[in-house]
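A quick write-up on the structure given underneath.
So you know, we letter chains A, B, ... as the sequences are listed, proteins then strands, and number each from 1. Worth saying up front: this structure is predicted, and the values here are computed from it rather than measured.
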Amino acid sequence: MGRALLALAPWGSARAADTENCLSCHRFRGLSRLDPATGELRLFFCSEEYQAERQGPHAELRCTACHEREEVSVVPHHVKTRVDCARACHISRNSGVETRFSHEHIQETLQASVHAPTVLSGLPFETPLLRVGQSACLYCHDEPMFRPLGIKTRPPRGGEHARCDICHTDELPVEVPYFMRHVTSRLQPARPVRQLAQVCAVCHSDPTLIPSTGGHDAVASYLHSFHGKASLLGSTDTATCTDCHASETGNVHAMLRHDNPASSTSSGKLPDTCRTTACHPGAPPGMTVAAVHLNLDLHAGKPEFYVAAMFIALTAAVMVVFFILILLELFHAFVQRRNPNTRSTCVWLGRCSLGRTDAPACSA
Amino acid sequence: MTPHERGQHWLFAIAFILLVLTGMPIKFADSDWAAGLVSVMGGLTTTRKLHRICGVLLIAMFLYHVGYMLTRLMRQRRQARAAGSRESIWSMLWRSPVVVTPFDVRQFGQHLRYLLFRRRERPAFGEMNFRQKFEYWAVFWASGDGPQRAGAVVCVVGVGVRFGPALNFAFIIHSDEAYLAFIYIAVVHMFSVVFSAGGGAAVARQPDGPGRRRRNWRGHRGVLDAVAAEFGVKADDLGPERKRGVAVNILRRGYSAVLLGGVAGSASSRSGS
């Protein structure tokens with residue numbers, strides 16, 4: 001039975017999602033075009049394996065499910081319309097039955113959040129991050145790819161599904177391998193801790209956007225916090241941006257401003273956000289006063305800034321004084337080398353510092 | 001220094017070096033070397049535990065040293081009483097070699113004038129010169145600061161005291177103060193010990209110690225004068241100078257290489273960035 005199942009499995013077999021034959025050109029690495037308007041070289045490569053091995057959820061879609069057919073049916077393509085991820089699409093299953101799917105509800109959630117598409121599209125980027133036709137979702141997301149679980153695995157003897165046959169005597173649904181990868185991918189964070197901070201930094205560390213995104217570099221202050229330092233030093237279980245800023249349900253698309261009482265980072269809810277069983281269970285509410293985003297800018301005028309500035313001044317003062325002493329000591333030693341039996345002051349002056357003319361050589 | 005005091009110094013030194021090795025990667029977590037060093041030490045969890053253990057050791061050493069100094073003072077007082085002296089304990093404390101007096105400020109000025117070739121001789125420093133006293137009290141302050149930090153952290157992690165804002169300040173003070181202590185010890189203290197005249201108080205009570213007379217002579221002339229006066233001779237008559245020991249030479253050259261390597265590395269990384 002298992003072997004029959006394997007024969008039906010989509011593993012390694014080309015799928016019928018590319019019915020429009022787009023990969024006949026776009027599978028070639030280096031396929032590119034010089035944009036006459038901007039002079040930029042634009043690449044249009046799409047991995048053939050992505051479709052053939054169904055390496056991500058979008059492998060089950062036709063290209064025109066997202067891109068306008070009228071715009072891509074001409075060569076060269078004249079893409080003008082931005083991809084709308086909220087548009088309903090049809091997923092092509094192995095069984096041949098097409099399933100309707102849409103990210104529309106995510107769009108609705110986003111619309112009520114601090115990252116509403118209308119807000120994102122109004123951000124004054126110095127250099128636009130997105131090209132013509134690219135979806136605004138790409139501010140945060142990449143093309144989704146399934147990721148294997150982060151543990152070392154080896155292919156089981158007898159094929160990938162031999163272990164399934166031990167218990168499952170009936171035929172397994174043919175989509176099991178696909179959904180297995182889909183689910184295991186979702187069991188882990190979409191991005192490692194540091195990569196997630198980099199995604200947020202695109203806007204929250206951009207100097208031109210900082211005035212409209214909270215007034216200070218939020219990612220820099222995170223990286224200087226306990227959590228940020230842990231992430232930089234390789235910790236994978238430290239708190240990321242979404243751990244605190246996502247709502248109680250963990251929906252990152254529903255982030256709210258911290259001054260919104262419903263936000264997980266509002267003053268009323270922040271203690272509970274920190275004190276979840278996964279983070280700091282049983283911690284006193286007062287711990288939330290310890291700033292994760294400690295803004296040490298002069299303009300913020302916080303007392304912490306003056307303490308930090310005082311220590312910098314103290315360090316500079318101490319080191320400058322003692323550096324000068326060290327240099328002078330070294331200079332004395334250098335001078336004395338010229339005449340080890342005479343005091344360095346006399347060597348430097350070229351005469352006896354006491355004014356004697358008949359004195360014997362004095363000891364250093 | 002007595003062997004007991006040297007033992008205290010080396011325990012302090014070991015705790016300090018381990019604290020630097022485990023703490024600096026956390027302070028400079030965004031540096032390239034930090035993650036590698038943490039990885040070598042067994043990961044972030046191990047590094048943090050080691051840092052705390054060494055912190056506890058440093059605090060314990062601090063408390064032990066305070067007890068030791070008080071015991072020493074009381075013993076001196078008993079001996080003075082037995083000898084018939086009526087000197088008060090405050091007077092004895094004032095005469096302690098670690099106490100900073102206006103005389104140290106004066107000697108600092110004299111030393112500066114000597115270094116600027118405005119004075120013929122170094123001041124006759126006693127058992128501890130102004131720099132050694134500064135180092136002593138800096139370490140005293142730094143290690144005594146530990147309980148304060150630990151207390152702030154304990155308050156936050158579960159005792160229940162609403163003491164959150166203290167963590168912000170403890171974080172800044174602990175980090176910056178540790179950095180100051182590190183660069184001071186690595187640059188100034190090491191220079192004093194390896195290069196400078198009168199490098200360590202450790203040698204001050206051994207005026208005839210092997211290979212150290214020249215440094216004692218220049219750095220702790222006050223002690224030698226006192227010893228010479230006790231025996232009714234001139235300090236200049238205490239004998240010929242001896243050559244520096246092999247170990248001191250190796251240490252000087254090794255420290256020079258490390259210092260120059262550090263400066264060159266820092267310069268190249270700056271030019272690279």
Tell me, for L296(A) versus chain B, whether the close heavy atoms (under 4.5 Å) come from the side chain, the backbone, both or neither. side chain
Between T315(A) and D176(B), does a side chain to side chain contact (heavy atoms under 4.5 Å, CB included) hold up when you go through it step by step? CA-CA 8 Å; T315(A) 305; D176(B) 289 356; 5.7 Å; no
Could you walk me through whether T22(B) and M41(B) satisfy the side chain to side chain contact (heavy atoms under 4.5 Å, CB included) test, starting with their C-alpha distance in whole Å, then the side-chain angles of each, then the deciding distance to 0.1 Å, before giving a yes or no? CA-CA 8 Å; T22(B) 52; M41(B) 286 186 289; 3.7 Å; yes
Check whether more than 12 heavy atoms from other residues, nucleotides or ligands sit under 6.0 Å from atom NE2 of H293(A), and answer yes or no. yes
Ring centroid separation F322(A) to F134(B) under 6.0 Å: yes
Check whether L112(B) gets within reach of chain A through its side chain, its backbone, both or neither, counting any heavy atom under 4.5 Å. side chain
I183(B) versus chain A, the contacting section by heavy-atom distance below 4.5 Å: both
Region of I172(B) that comes under 4.5 Å of a non-hydrogen atom in chain A: side chain
Please classify the contact between I326(A) and chain B as side chain, backbone, both or neither, with a heavy-atom cut-off of under 4.5 Å. both
Determine, stepwise, if the pair H258(A) / T265(A) fulfils side-chain hydrogen bond (donor to acceptor under 3.5 Å, both in side chains). CA-CA 5 Å; H258(A) 66 88; T265(A) 53; 5.9 Å; no
